[in-house]
Undergrad: 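Can you read through this structure? Questions will come right after.
Residue numbers count from 1 along this sequence. Quick caveat, the model's predicted, so the values are computed rather than measured.
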Amino acid sequence: MKMNAPVTKRLNFKLMNEHDWPQLFELDQDPAVMQYLTRGVPTSLEQIKNEGVPRMLAYRNELKGWGLWSITIKQTNTFIGWVLIRPMCFFTDAPNYSDIEIGWRFKQASWGHGYATEAALALCDELIKQDDVKAISATALKDNTASINIMKKLGLQFIKNYTHTDEQGGLPAVLYSKSV
């Protein structure tokens, strides 16, 4: 059974594909948006096309609803961000196909309006209809209190602290999850 696109009063949802690189690039140009992702460094167009899009396509599964969901405001059809849906640990030797990771990235102009929470809740409501989904999880850097607040609004519970490591070193991070 194919996962339905969520429906909310304010937002439209569309599973993104390789042709959506302009929106991905536009979103990643704001250092405030990228603060807890790349330490504020904007993503280059080359990185979007050669790394970001292929990574997205690697886990995109229209039937299961995996991928990046473009979020637009219904009233204006304005792109404001995306919500990620994919198996936890997808890019490791042991992906967990029953524990689905949710994440988000939204334009700064849309912050504080509840859009990320609304979009994530709507996607969670569709995900839990799938028999093989046993948990929904999310991660964030420990200082990213806005994302952690969204995790709590989704009903996710604190699981553990850990160190997120990237090319610049390690940063304190958290894992939240809930069984469904």
Side-chain angles (χ1 to χ4, degrees), residues 2-88 90-91 99-128 130 133 136-141 144 146-151 153-154 156 164 166 176:
K2 181 179 173 185
M3 185 177 115
N4 293 322
V7 177
T8 74
K9 289 181 178 174
R10 302 187 300 166
L11 304 175
N12 284 322
F13 297 74
K14 178 185 96 56
L15 199 55
M16 299 178 91
N17 62 39
E18 65 274 14
H19 304 294
D20 293 310
W21 62 264
Q23 291 92 346
L24 298 173
F25 178 70
E26 175 190 355
L27 182 60
D28 285 12
Q29 297 315 292
D30 183 343
V33 170
M34 303 306 288
Q35 178 181 355
Y36 298 110
L37 302 162
T38 61
R39 302 176 198 227
V41 177
T43 309
S44 72
L45 184 56
E46 181 179 290
Q47 287 172 305
I48 293 286
K49 288 185 170 183
N50 297 332
E51 297 169 28
V53 169
R55 279 180 63 87
M56 171 189 65
L57 294 176
Y59 58 82
R60 187 180 189 277
N61 181 320
E62 192 171 352
L63 286 178
K64 294 189 176 285
W66 300 347
L68 295 181
W69 286 87
S70 169
I71 309 300
T72 57
I73 297 174
K74 277 185 179 178
Q75 195 172 28
T76 60
N77 201 34
T78 304
F79 171 76
I80 57 172
W82 53 251
V83 176
L84 169 142
I85 302 291
R86 70 176 173 212
M88 280 298 286
F90 185 81
F91 291 106
D99 186 359
I100 303 302
E101 178 180 6
I102 189 165
W104 41 84
R105 190 174 304 173
F106 280 77
K107 290 182 177 180
Q108 194 175 169
S110 73
W111 295 356
H113 297 279
Y115 295 130
T117 302
E118 180 178 333
L121 276 169
L123 281 158
C124 286
D125 287 346
E126 291 300 324
L127 279 171
I128 63 173
Q130 299 177 31
V133 175
I136 296 176
S137 299
T139 66
L141 293 183
N144 190 348
S147 278
I148 292 168
N149 285 336
I150 293 169
M151 293 175 194
K153 289 176 186 175
L154 297 177
L156 305 183
H164 170 78
D166 62 19
Y176 277 68

Undergrad: Please collect all salt bridge (Lys or Arg N to Asp or Glu O under 4.0 Å) contacts where either partner lies in residues 24-45, sequence neighbours excluded, each pair once.
TA: Glu26-Lys107, Asp28-Arg105, Arg39-Asp166
Undergrad: For Gln47, which residues count as a side-chain contact (heavy atoms from CB on, under 4.5 Å) partner, sequence neighbours excluded?
TA: Thr43, Ser44, Glu51
Undergrad: Measure across Leu156 and Ser137 and return the closest heavy-atom pair with its distance rounded to 0.1 Å.
TA: CD1-C, 4.3 Å
Undergrad: Are the side chains of Tyr59 and Leu68 in contact, using a 4.5 Å heavy-atom criterion?
TA: yes
Undergrad: Which residue pairs pass the salt bridge (Lys or Arg N to Asp or Glu O under 4.0 Å) test when at least one of the two sits in residues 64-73, sequence neighbours left out?
TA: Lys64-Asp132
Undergrad: Starting at CG of Leu45, measure out to CZ of Phe25 and round the result to the nearest 0.5 Å.
TA: 5.0 Å
Undergrad: Nearest 0.5 Å, what's the CG-CD1 distance between Leu11 and Ile73?
TA: 7.0 Å
Undergrad: For Thr38, what residues pass the side chain to side chain donor-acceptor pair (under 3.5 Å) criterion, not counting sequence neighbours?
TA: none
Undergrad: Mind checking side-chain contact (heavy atoms from CB on, under 4.5 Å) for Ser147 and listing every partner two or more places apart, or none if nothing turns up?
TA: Trp104, Ala140, Asn144
Undergrad: Within this structure, what is the CE-CG distance for the pair Met3 and Leu63, rounded to the nearest 0.5 Å?
TA: 11.0 Å
Undergrad: How far apart are the closest heavy atoms of Leu27 and Val33, and which atoms are they?
TA: O-CG1, 3.7 Å
Undergrad: What residues form a ring-ring contact (aromatic ring centres under 6.0 Å, His included) with His113, not counting sequence neighbours?
TA: Tyr115
Undergrad: Answer whether the closest heavy-atom distance between the side chains of Phe13 and Ile71 falls below 4.5 Å.
TA: yes
Undergrad: So, do Ile136 and Leu154 sit near enough that their side-chain heavy atoms are less than 4.5 Å apart?
TA: no
Undergrad: Drop me the distance from Leu37's CG to Gln35's CD, to the nearest 0.5 angstrom.
TA: 9.5 Å
Undergrad: Identify, with sequence neighbours excluded, every residue that meets ring-ring contact (aromatic ring centres under 6.0 Å, His included) alongside Tyr176.
TA: Phe158
Undergrad: Who passes side chain to side chain donor-acceptor pair (under 3.5 Å) against Lys14, sequence neighbours left out?
TA: Asp20
Undergrad: Sequence neighbours excluded, which residues qualify as side-chain contact (heavy atoms from CB on, under 4.5 Å) partners of Ala109?
TA: none
Undergrad: For residues 116-125, which side-chain donor-acceptor pairs fall under 3.5 Å, sequence neighbours excluded?
TA:
unit_1: Glu118; atom_1: OE1; unit_2: Arg10; atom_2: NE; d: 2.7
unit_1: Glu118; atom_1: OE1; unit_2: Arg10; atom_2: NH2; d: 2.7
unit_1: Glu118; atom_1: OE2; unit_2: Thr8; atom_2: OG1; d: 2.6

Undergrad: What heavy-atom pair brings Ala58 and Phe91 nearest, and what distance separates the two atoms?
TA: CB-CE2, 4.0 Å
Undergrad: So which heavy atom on Ala32 is nearest to which on Trp111, and how close?
TA: O-CH2, 3.6 Å
Undergrad: With a 4.5 Å limit on heavy-atom distance, are the side chains of Met16 and Trp82 in contact?
TA: yes
Undergrad: Looking at CD1 of Ile48 and CD of Gln29, how far apart are the two atoms once the value is rounded to the nearest 0.5 Å?
TA: 7.5 Å
Undergrad: What are the two closest non-hydrogen atoms of Leu141 and Tyr36, and how far apart are they?
TA: CD1-O, 3.3 Å
Undergrad: Of all heavy-atom pairs between Met34 and Pro42, which one has the smallest distance, and what is that distance?
TA: CG-CA, 4.4 Å
Undergrad: Residues two or more places apart in sequence or in another chain: which of them pass side-chain contact (heavy atoms from CB on, under 4.5 Å) with Glu62?
TA: Lys2, Leu15, Arg60
